[in-house]
Amino acid sequence: MSGRQHILVVDGVNGSWQRTIVLENFQHRARRIYDLAQTDVDQGQTRLTVPPALTPETLRRLVLWIDRRIPYRQVLNFRELLQLSTAIWQYQCDPGYFRNLAASNYEHNLDTINVGREAAGCAFIALTFNWRGDFEDASRQLIFGFESNVNFIEGVPYFPGALRGKLLEKNMPASQLMQSRCSCISET
Amino acid sequence: MLDTEYVRAAVADVDDSEGEIGCVRSPGRMLDIFESILLDEPQVGQPLQTPPFHEPLAESSTSSSGNGTISGRQTKRSSTSGFLEERRVATLRGDSAVAGGSLRRFAAGYFARKRQSVGDDRGRPPPRWEQGAVDQFRAVAAQLRGRVEARRLELFGGCGLNIVEFHTLRRERLLITQAATG
């Protein structure tokens, strides 16, 4: 398995982690990492900065799984699955590469989480992997609970602005009606 | 025996947007409120409470004057907003505190009234939840929960977002190859 080699370094609280990767593996699976590495191709090493929305562990996992295969029986909890989805957006990854992993983990996680409370995360994960039914279910829950003055999606560090805008738009009539009715009542 | 018809009527009032509880026009919000009310489950030995804003005991002819109303404390998990507390619910049998406050307070008021019609409990310590009453509360709450869920499905089945509307966003941000569907 020849291919141009490059070192990726990820810093964390407990120190740095690094891996010598085959650059070509990332070209069609994690475009942003590939591009970053290309700019450092002469140095032979790239230091990846962990963005605020992610953990070093997630980044390391992502690098490993893209460079090698994804472990067949990898079990992720809901938070980890959400992190993976965030990383996929962050680094412009191919969601299809992770689809089977995500599908099996999403399924069993639905039993363990409070879907109403985690609706934002579920909607985001479903959007990432293009699961139409799950996206509709989760976004419906989100519309129920979404109030313009309460950020129900705080638990999801990265949440697409376009999606947020759509939710607000969907929920606006209901919340406006409620507010106008409340002000009527307090006068009587 | 707590009459479940009582609660069914109250729920029906809530569902009807033209009814007495039309103050909240967002059915989803109303269902959320119901769900959080249902979390306010009584424990055996807890004192019964009556809502402070509501005076069924003082007004009814069977109430005693002594320790008639016990001011209801704010429960930790009750999330009913202030605007709801001013409303009374017209049900088949007169005012109740169901939608105006906690289901537990409503049930407590029922039991307190029942006790007072049986005998004079002036000077007695405040009545407390007993196992039988807690069991009845749970039975009613379970029914109510079921109805809340069913109503959610009725109202909102299929009202989620369409993922197709976000395909452009996905194509911008993700590495979607032509062969793959996403």
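Each chain gets a letter, A, B and so on, in the order the sequences are listed, and its residues count up from 1.
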Which distance, rounded to the nearest 0.5 Å, do you find between the [atom1] of [X] and the [atom2] of [Y]?
{"X": "A:Arg31", "Y": "B:Leu174", "atom1": "CZ", "atom2": "CG", "result": "12.5 Å"}
{"X": "B:Leu169", "Y": "A:Trp89", "atom1": "CG", "atom2": "CH2", "result": "4.0 Å"}
{"X": "A:Tyr97", "Y": "B:Leu175", "atom1": "OH", "atom2": "CG", "result": "13.0 Å"}
{"X": "B:Leu161", "Y": "A:Glu136", "atom1": "CG", "atom2": "CD", "result": "8.5 Å"}

Would you say [atom1] of [X] has more than 12 non-hydrogen atoms from neighbouring residues, nucleotides or ligands within 6.0 angstrom?
{"X": "A:Glu107", "atom1": "CD", "result": "no"}
{"X": "A:Arg19", "atom1": "CZ", "result": "yes"}
{"X": "A:Asn14", "atom1": "CG", "result": "no"}

Q) Can you name the closest pair of heavy atoms from B:Arg173 and A:Arg32 and give their distance? A)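 It is NH2-NH1, 4.2 Å.
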
Q. A:Ala123 versus chain B, heavy atoms under 4.5 Å apart: side chain, backbone, both or neither?
A.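 The answer is neither part of A:Ala123.
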
Side-chain heavy atoms of [X] within contact of [Y], under 4.5 Å:
{"X": "B:Glu165", "Y": "A:Lys166", "answer": "yes"}
{"X": "A:Arg132", "Y": "B:Asn162", "answer": "yes"}
{"X": "B:Arg170", "Y": "A:Thr128", "answer": "no"}

Same cluster (ILVMFWY, side-chain, under 4.5 Å), [X] and [Y]:
{"X": "B:Val44", "Y": "B:Phe137", "answer": "yes"}
{"X": "A:Leu23", "Y": "A:Leu62", "answer": "yes"}
{"X": "A:Phe26", "Y": "A:Ile7", "answer": "no"}

Q. What residue in A:Ala30, A:Cys93, A:Ala162 has the most heavy-atom pairs under 4.5 Å with chain B?
A.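 The option with the most such pairs is A:Cys93.
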
Q. Most heavy-atom pairs under 4.5 angstrom with chain B, which of A:Leu127, A:Leu163, A:Ile88, A:Asp137?
A.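 Counting heavy-atom pairs under 4.5 Å, the top option is A:Leu127.
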
Q: Decide side-chain contact (heavy atoms from CB on, under 4.5 Å) for B:Ile163 and A:Asn130; before the verdict, give the C-alpha distance in whole Å, the side-chain angles of both, and the deciding distance to 0.1 Å.
A: CA-CA 7 Å; B:Ile163 205 169; A:Asn130 201 27; 3.6 Å; yes

